Amino acid sequence: MAASADLLEKPEASKEADEPRTIEPGLATADRVFHHSARAVAMVVLALTASIGLFLGYQSIPTLRHYGLKFLTESQWQPHLNILGLSAVLTGTVEVALIALVVGFPLALLTALYISEYSPQRLRPTLVALLDLMAGVPSIVFGLWAYFLLEPRAIYVARWLSEYLGWIPIFKVDFDTHAAFLGSVLNSHYGASALIAGLAVATMVIPLACSVMRSVFSQAPLGEREGAMALGGSRWGVIRAVVLPFGRRGIIGGTMLGLGRALGETVAVLLIISIAFDVKYKVLTTGAITTSALIANSFGEATGAQLSALLAAGFVLFLMTLAINTLAAVFVNRSRSGAGTDA
Amino acid sequence: MSIAAPPKGTALAPGAGVQAHLEAVNVSAWFGSKKVLDRVCLSMPETTVTALIGPSGCGKSTFIRILNRMHETIASAKMAGEVRLNGEDIYAPGRKVTETRRRIGMVFQKPNPFPAMSITDNVTAGLKLTGVRVHGEAKEQLVEQCLTRAGLWKEVRDRLDQPGSALSGGQQQRLCIARSLAVDPDVLLMDEPCSALDPTSTRRIEETIGELAQAMTIVIVTHNMQQAVRVSQQCAFFLAEEGRPGVIVESDSTEKVFGDPVDPRTRDYVNGRFG
């Protein structure tokens, strides 16, 4: 048959109704191997998380059965009197984490904006490296620094707060604001407080949150940045119109990562606070306790019932972190972010 | 701080812009130590469309970015010479770069609407960026005016609340034009505005350019010869010969450059013999 005739020949449309046909993925062997091994590894990670939750939950059953709801409302932790409760511990945990976040969030955000938007180009790589280094410093180092350097100075901040902002309930103190230094800094009523523990944790949260925020800010699309500049926008204008909307995921993600660290931070808090099982909102005064500090402090001599109670405390902390991260994920997914549309 | 919207008919009414004459005098440019433009002079008169043509890498984009001080946003970029807007050097010390960029708007090769903002907010983004607040009816009017001038109003009037990123490429580019118009620039620079678009969208934008040119100065970089002929009244041919910085080989009325060019290199290029 001639070539021209071939071209003219048309396949005939079928008379029957058509149905969607199944299409096999047709993956290459390498793809299939990688697909399955990657999935296996991912499953292990998920299984680990789930098993932690299940283990803690299972271990805390005896405690919850024994103390019931009182386990959450009782403030004292006195195993020898058979009084165990988490209310003071949870309050302290939330207080320290919130202080760390309130202090750390604005500093982290501004630092990240400075590094990604304002810092001189030549200095930038050094600043980024320093920041990432800070994020990796072990918390005991921060703890020692906070104990020896921060605390003796922070008590004056605390005194200032109580003197001038004492009308705000959380900054109120029960003693004469000035008479709170009994001879030496170490005897100050302002020392070893939730505020100072929170400040110490803030110094750890800042580099972590800042590092995440900065890396997202620096990915804000050049096209959009230029668009904002070409409209007559200042650098601040570019930040507001492009960098912050694009970086919203990074801001939330970094903050949540920071909050996670703040909730779980143990050793620095333990170094600074003097343990007191009171449900109190006066964050300037000596004495506080957090969940992780309680576990670390009591774990060594814990046996039987008390061990189960500590595991129950751990379980509550686990649930808190899980709830916060889930909330954050929901919020991030709902918010419209520039990330992903690359222009 | 909120600044009250000026009354209609002054700074906010698009199209009422000052007639602006843009002039480049001995403009050179470098990236690091590499010189990419050598003493380029070009006059871009008011209500005229000036097309910049030439092969890739000849410095057209660098030149147009120098015209509204976008060049200096690149770390290693340097420039020399003057760019005069109605006789005043936009690089003169003490001149605010933000004000210069507001008066000399720019549309980029790749449409770059703000994806997280609605269509309305995209149009008024420039006002927010320059500290001007508009509300209510004035805002609605401005949005309609700008979108109409950019030839997009009919297509989006029912969905002004949708994000800018939901539009097609051609619509996004017209949204970017509308956004530029909202701050009432005297000059509009367009760096290959149609190179990422389909023929229909390209035609719409060319129509838009024709309408805008009645009230403002337009400079457009294009790789499309036919487009240069269709939209421009004058034309500058840029060329960077092997290892040398870009220069303007020839600039004249579009008719002359395409119909009867003086330089043989111009003739070869506009007839599609190279580049």
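Computed from a predicted structure; not experimentally measured.
Between A:Pro245 and B:Met117, every side-chain heavy-atom pair lies at or beyond the 4.5 Å cut-off.
Using a 4.5 Å cut-off between heavy atoms, A:Arg225 does not touch chain B at all. Using a 4.5 Å cut-off between heavy atoms, B:Leu189 does not touch chain A at all. Interface remark: B:Lys96 contributes no atoms to any contact with chain A (heavy atom separation under 4.5 Å). Neither the backbone nor the side chain of B:Arg69 comes within less than 4.5 Å of any heavy atom in chain A.
In A:Tyr164, the OH atom is not crowded: 12 or fewer heavy atoms of neighbouring residues, nucleotides or ligands sit closer than 6.0 Å. Residue B:Phe31 qualifies as enclosed at atom CZ: its count of foreign heavy atoms under 6.0 Å is above 12.
For the residue pair B:Arg179 and A:Gly227, the shortest heavy atom distance occurs at NH2-CA, 3.9 Å. The heavy-atom pair separating B:Thr98 from A:Gly233 by the smallest distance is CG2-O, 3.6 Å. Here the closest heavy-atom approach between residue A:Ala241 and residue B:Phe114 is recorded as O-CD2, 4.4 Å.
Contact count versus chain A (heavy atoms, under 4.5 Å) is highest, among B:Met70, B:Glu99, B:Gln109, for B:Met70.
Going from atom CG of B:Asn112 over to atom CD of A:Glu226 covers 8.0 Å, rounded to the nearest 0.5 Å. The NZ atom of B:Lys128 sits 12.5 Å away from atom CG of A:Leu231, with the distance rounded to the nearest 0.5 Å.
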